[in-house]
**Student:** 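Input: one structure, supplied below.
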Protein chains: 2
Amino acid sequence: MATIYDVARLANVSAKTVSRVLNEDGPVGPRTRQAVQEAIAQLGYVPSNAARMMRSNRSGLVGLITGAITAAQEPTHPAGLPDLLIVQGIQRVMADQDMTLMVADTGGRADRIPRLVRTFLEHRAEGLIYVADYHQRVRLPPVAGSTPLVLANCFDDAGTPAVLPDDRRGQHDLVARIAAAGHRRIAYLTLREDMVATSLRSLGYRDALAEAGLPFDPRLVQVAYLSDGEEDSRILVEAIDRLLELPDPPTVLCCGNDAMAMRVYGILRSRGVRVPEDMSVAGYDNHRIIAETLYPPLTTVELPYRDMGQRAAERLLACISGQGRDEPTPTLVSGPVLWRASVTDRPAANPRHISFNGRSEP
Amino acid sequence: MATIYDVARLANVSAKTVSRVLNEDGPVGPRTRQAVQEAIAQLGYVPSNAARMMRSNRSGLVGLITGAITAAQEPTHPAGLPDLLIVQGIQRVMADQDMTLMVADTGGRADRIPRLVRTFLEHRAEGLIYVADYHQRVRLPPVAGSTPLVLANCFDDAGTPAVLPDDRRGQHDLVARIAAAGHRRIAYLTLREDMVATSLRSLGYRDALAEAGLPFDPRLVQVAYLSDGEEDSRILVEAIDRLLELPDPPTVLCCGNDAMAMRVYGILRSRGVRVPEDMSVAGYDNHRIIAETLYPPLTTVELPYRDMGQRAAERLLACISGQGRDEPTPTLVSGPVLWRASVTDRPAANPRHISFNGRSEP
DNA sequence: CGGTGTCATGTCACCGATGACATAGGTGGG
DNA sequence: CCCACCTATGTCATCGGTGACATGACACCG
């Protein structure tokens, strides 16, 4: 690859003059500039960032560490790739700032993180972002040096700047909206209990009930986590059957995520329960391919991954420029409720108790 | 950040000796090595890749350009993010080779590509990969210099090395398997006709019919592309209704992708047609969150994105090392048929003609 | 006991760009 | 008319590593 000296020789000027043309530094005569630009074009010269960096000490690089890319293939996370939307949001902000994003993937193995961090430090990344695939607590090895770190979709105990989804508020907004639509018996099928999102959303659910003046009925809350295996839908089936058999059954099922809602559609149909005529269903995540393609389209809450990425990027840039005071408060990001046809606006006051028998259709 | 000279001073040796310890170059005395390592640890020293690169001329970087990350948000591509799996496959191979992947996103605007390429060249990336979000023909600006380029999920007219899904074979394998299961009337609901995948898969469909000794009936092939808008499901509904009204209706519907299959489930159910008892359904892509979560689970063809990424990465590495002769032949990658419960293994020989009336359930 | 390796380490130049400073004309004010 | 000043350009050192080569201290061999 051609160097600045090759250009200088071809244009019959000094390397410094070429540098001036490139960076619009000091004054350059019009015909000299012309000659230099022609030489650059002719040689296909592209300046070397490495050499530049040695003097300026600015790499223009930001490192991103995620388990997202690889984790998506693991059956552990059936939800798939939504966390990559975070990467998207980050990428966009960085591109606007002329920063280049370097992406590394843990391959699902946390023990690789130190090596990745080291690689980024070798490239003198100006900051690092760690993106988790779902809202969780993490414990990362300390980053050597003064390179700032921001956590996205996760947090730690060390007060590292973090950007998190506002699960409590999201579930609250959804349930509040559902209550406003006239529903009084609102069931909640939760994800695994040990997930951060589950406990936060449960709080949001109760917040909204209280605000709406509705009583909290523990029988309406069921843990119905589905991992990948098919047999696990048994848990979900049983949970739904229990709800349907209640003397005063719910008129709407809020699901832990959209994938669960999709299964719920199938299960309800196999019971002869129509969605939304007999039973409304709501999800969480706004996993669009599901929510928009299902029939009827699914009412859900946007999990604002892209916004979170954007906020994380902005927070990191603030840290890099040194302006951002290192407030340990996590940034909470909330998304809107997306009201679609899967939840009726005026539920029947007292829906008839629906009988069913096994999996056969009515 | 500490330099090699800081380490040298602290360890009372020359910088070169530190370099030797780091790279296990020439011989170093045991106590000297010890002292150097302690100094490195104490200072948290990390060597600068930029400085290293200036001499060795090896950056260890590979540039990846994609519209994937941003395009996923656009409503144009309801399929979402599967192409990111390609990135995943690439990432894995590169990590194994101690290469760092730099990812840039076009934000859906092709006019940004030259700038991104330039950035990568400034960083002296040793090779570039362009990843498209669906199988298509592209036209990229030429990459200045001798930096090799590989196309993934797309191809051009210039003979640039490319890695592509074997759509023809995939559809063939699926239809062949379905025919082997005893189906004789196999319908095909295609994606948009102008897509590369559509024409290739149509060929595969006909290949398989011919092999199985089944006649080709043009009435069984319907263009049923669904873009994002809801009203477009009308096209799909009409296509299905036409098929159901045939005097000799199909026993199985092959869909252009899994998302379409998901809609087909809903439409069939609204017609009182049971899946798979009355009608089998197959998809394409193995979009796992759909295929595995639907009830019944969806028979589909794996679109081997991850493999494609891997192959693209390997091909690029071959180009970089100069071994790989620049064969302009595209690499075709095929994925397996995933046989699940949505297609019956022994269809009724002559399924009764199913009557329906509008959207009401039976 | 001198020559010849080998080991352990140091010296120096160089990779490609740029900052600090120098220099050579031309221009205008006092 | 001379000097201060601006414009256009060049010179040189430097950033942080590493390759090429040098050096000093032993050890081994004939």
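Only this structure's heavy atoms are used, side chains among them; waters, hydrogens and symmetry mates stay out. For clarity, every value in this text was computed on a predicted model and none was experimentally measured. A, B, ... follow the sequence lines: proteins, then strands. Residue 1 opens every chain.
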**Student:** Report the distance from atom CG of B:Asp6 to atom P of D:dC15, rounded to the nearest whole Å.
**Tutor:**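 After rounding, the gap between these two atoms is 11 Å.
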**Student:** Within this structure, what is the CG-to-C1' distance between A:Leu121 and D:dG16, rounded to whole angstrom?
**Tutor:**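 Those two atoms, CG and C1', are 16 Å apart.
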**Student:** What is the distance, to the nearest angstrom, from the CG atom on B:Asn23 to the C1' atom on D:dG17?
**Tutor:**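 Value for this atom pair: 9 Å.
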**Student:** Can you find a donor-acceptor pair, distance only, under 3.5 Å between B:Lys16 side chain and D:dG17 base?
**Tutor:**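 Not at all, since no donor on one side and acceptor on the other fall under 3.5 Å apart.
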**Student:** Closest nucleotide of DNA chain C for A:Ile4 versus for B:Arg31: which of these residues is on the 5' side?
**Tutor:**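 Residue closer to the 5' terminus by nearest nucleotide: B:Arg31.
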**Student:** On DNA chain C, compare the nucleotides closest to B:Ala51 and B:Asn12; which residue's is nearer the 5' end?
**Tutor:**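 Nearest nucleotide further toward 5': that of B:Asn12.
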**Student:** Indicate, yes or no, whether a donor-acceptor pair under 3.5 Å links the base of D:dG16 to the side chain of A:Arg55.
**Tutor:**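 Looking at the base of D:dG16, it does not pair with any donor or acceptor on the side chain of A:Arg55 (distance under 3.5 Å).
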**Student:** For C:dA17, does OP1 or OP2 lie under 4.0 Å from any side-chain N or O of A:Ser48?
**Tutor:**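 For A:Ser48, the contact criterion (side-chain N or O under 4.0 Å from OP1 or OP2 of C:dA17) is not met.
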**Student:** Please state how far atom CD in A:Glu122 lies from atom C1' in D:dG16, giving the value in whole angstrom units.
**Tutor:**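 Whole-Å distance recorded here is 13 Å.
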**Student:** Looking at B:Asp105 and B:Arg112, does any basic side-chain N land under 4.0 Å from a carboxylate oxygen?
**Tutor:**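 A salt bridge is absent here (no side-chain N lies under 4.0 Å from a carboxylate O).
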**Student:** Can you check the B:Arg33 CZ to C:dC7 P distance for me, whole Å?
**Tutor:**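 Atom CZ in B:Arg33 sits about 14 Å away from atom P in C:dC7.
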**Student:** For C:dC15, take OP1 and OP2 only and decide whether either is under 4.0 Å from a side-chain N or O of B:Asn57.
**Tutor:**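 So the side-chain polar atoms of B:Asn57 never come under 4.0 Å of the phosphate oxygens OP1 or OP2 of C:dC15.
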**Student:** What distance do B:Thr17 atom OG1 and B:Asn12 atom CG have between them, rounded to the nearest 0.5 Å?
**Tutor:**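 Rounded to the nearest 0.5 Å, the OG1-CG separation comes to 11.5 Å.
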**Student:** Rounded at 0.5 Å granularity, tell me how far SG in B:Cys154 sits from CG in B:Leu140.
**Tutor:**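 These two atoms lie 6.5 Å from each other.
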**Student:** Could you walk me through whether A:Gln34 and A:Glu38 pass the side chain to side chain contact (heavy atoms under 4.5 Å, CB included) check?
**Tutor:** CA-CA 6 Å; A:Gln34 172 80 6; A:Glu38 276 169 14; 2.8 Å; yes
**Student:** Need one value for B:Pro47: base, sugar-phosphate or nothing, where a base atom within 4.0 Å counts as base even if backbone is also close, heavy atoms only.
**Tutor:**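 Here B:Pro47 touches the backbone only, sparing every base.
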**Student:** Stepwise, does the side chain to side chain contact (heavy atoms under 4.5 Å, CB included) test hold for A:Glu122 with B:Arg52?
**Tutor:** CA-CA 10 Å; A:Glu122 287 184 357; B:Arg52 216 171 232 171; 4.3 Å; yes
**Student:** With a non-hydrogen cut-off below 4.0 angstrom, is A:Arg124 in contact with a base, only sugar-phosphate, or nothing?
**Tutor:**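 If one applies the 4.0 Å heavy-atom cut-off, A:Arg124 turns out to touch the sugar-phosphate alone, with no base involved.
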**Student:** Can you tell me which residue among B:Leu332, B:Val333, B:Leu303, B:Thr331 is in a side chain to side chain contact (heavy atoms under 4.5 Å, CB included) with B:Asp166?
**Tutor:**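 With B:Asp166 as partner, B:Leu332, B:Val333, B:Leu303, B:Thr331 yield a single side chain to side chain contact (heavy atoms under 4.5 Å, CB included), made by B:Leu332.
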**Student:** Return the angle between end axes of the helix from C:dC1-D:dG30 to C:dG30-D:dC1, with five pairs used per end and rounding to 10°.
**Tutor:**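 Axis angle across the helix from C:dC1-D:dG30 to C:dG30-D:dC1, nearest 10°: 50°.
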**Student:** Tell me the interatomic distance from B:Tyr45, atom OH, to D:dG16, atom C1', rounded to whole angstroms.
**Tutor:**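 B:Tyr45 atom OH is separated from D:dG16 atom C1' by 7 Å.
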**Student:** Under 4.0 angstrom, heavy atoms only, what part of the nucleic acid is A:Val18 near: base, sugar-phosphate, or nothing?
**Tutor:**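 Result for A:Val18 = nothing.
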**Student:** Just how far, in rounded Å, is C1' of D:dG16 from CZ of B:Arg9?
**Tutor:**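 The answer, rounded to whole Å, is 13 Å.
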**Student:** Test your reading of the model: is there a side-chain donor-acceptor pair from B:Ser19 to the backbone of B:Ala15, 3.5 Å cut-off?
**Tutor:**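 Flag not set: sc B:Ser19 to bb B:Ala15 has no pair under 3.5 Å.
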**Student:** Return the value, rounded to whole Å, for the distance between atom CE of B:Met54 and atom P of C:dT18.
**Tutor:**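 Rounding to the nearest Å, CE of B:Met54 and P of C:dT18 are 11 Å apart.
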**Student:** If you find the nucleotide of DNA chain D closest to A:Thr17 and the one closest to A:Tyr5, which residue's nucleotide is nearer the 5' end?
**Tutor:**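 Looking at DNA chain D, the more 5' nearest nucleotide goes with A:Thr17.
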**Student:** Does B:Arg20 make a side-chain donor-acceptor contact with the base of C:dG10, cut-off 3.5 Å?
**Tutor:**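 For B:Arg20, whose side chain was compared with the base of C:dG10, there is a donor-acceptor pair (under 3.5 Å).
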**Student:** Would you please test B:Tyr130 and B:Thr160 for side chain to side chain contact (heavy atoms under 4.5 Å, CB included) and show each step?
**Tutor:** CA-CA 11 Å; B:Tyr130 180 82; B:Thr160 306; over 6 Å; no
**Student:** If you look at every strand shown and take non-hydrogen atoms under 4.0 Å, does B:Thr32 touch a base, only sugar-phosphate, or nothing?
**Tutor:**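 Touches sugar-phosphate only.
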**Student:** Using a cut-off of strictly less than 4.0 Å, decide whether B:Ser14 has a side-chain nitrogen or oxygen near OP1 or OP2 of C:dG10.
**Tutor:**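 Affirmative; the distance criterion is met.
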**Student:** Looking only at the side chain of B:Ser19 (C-beta and beyond, no hydrogens), which of the listed nucleotides C:dG19, D:dA8, D:dT18 gets closest?
**Tutor:**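 Per side-chain heavy atoms of B:Ser19, the pick is D:dT18.
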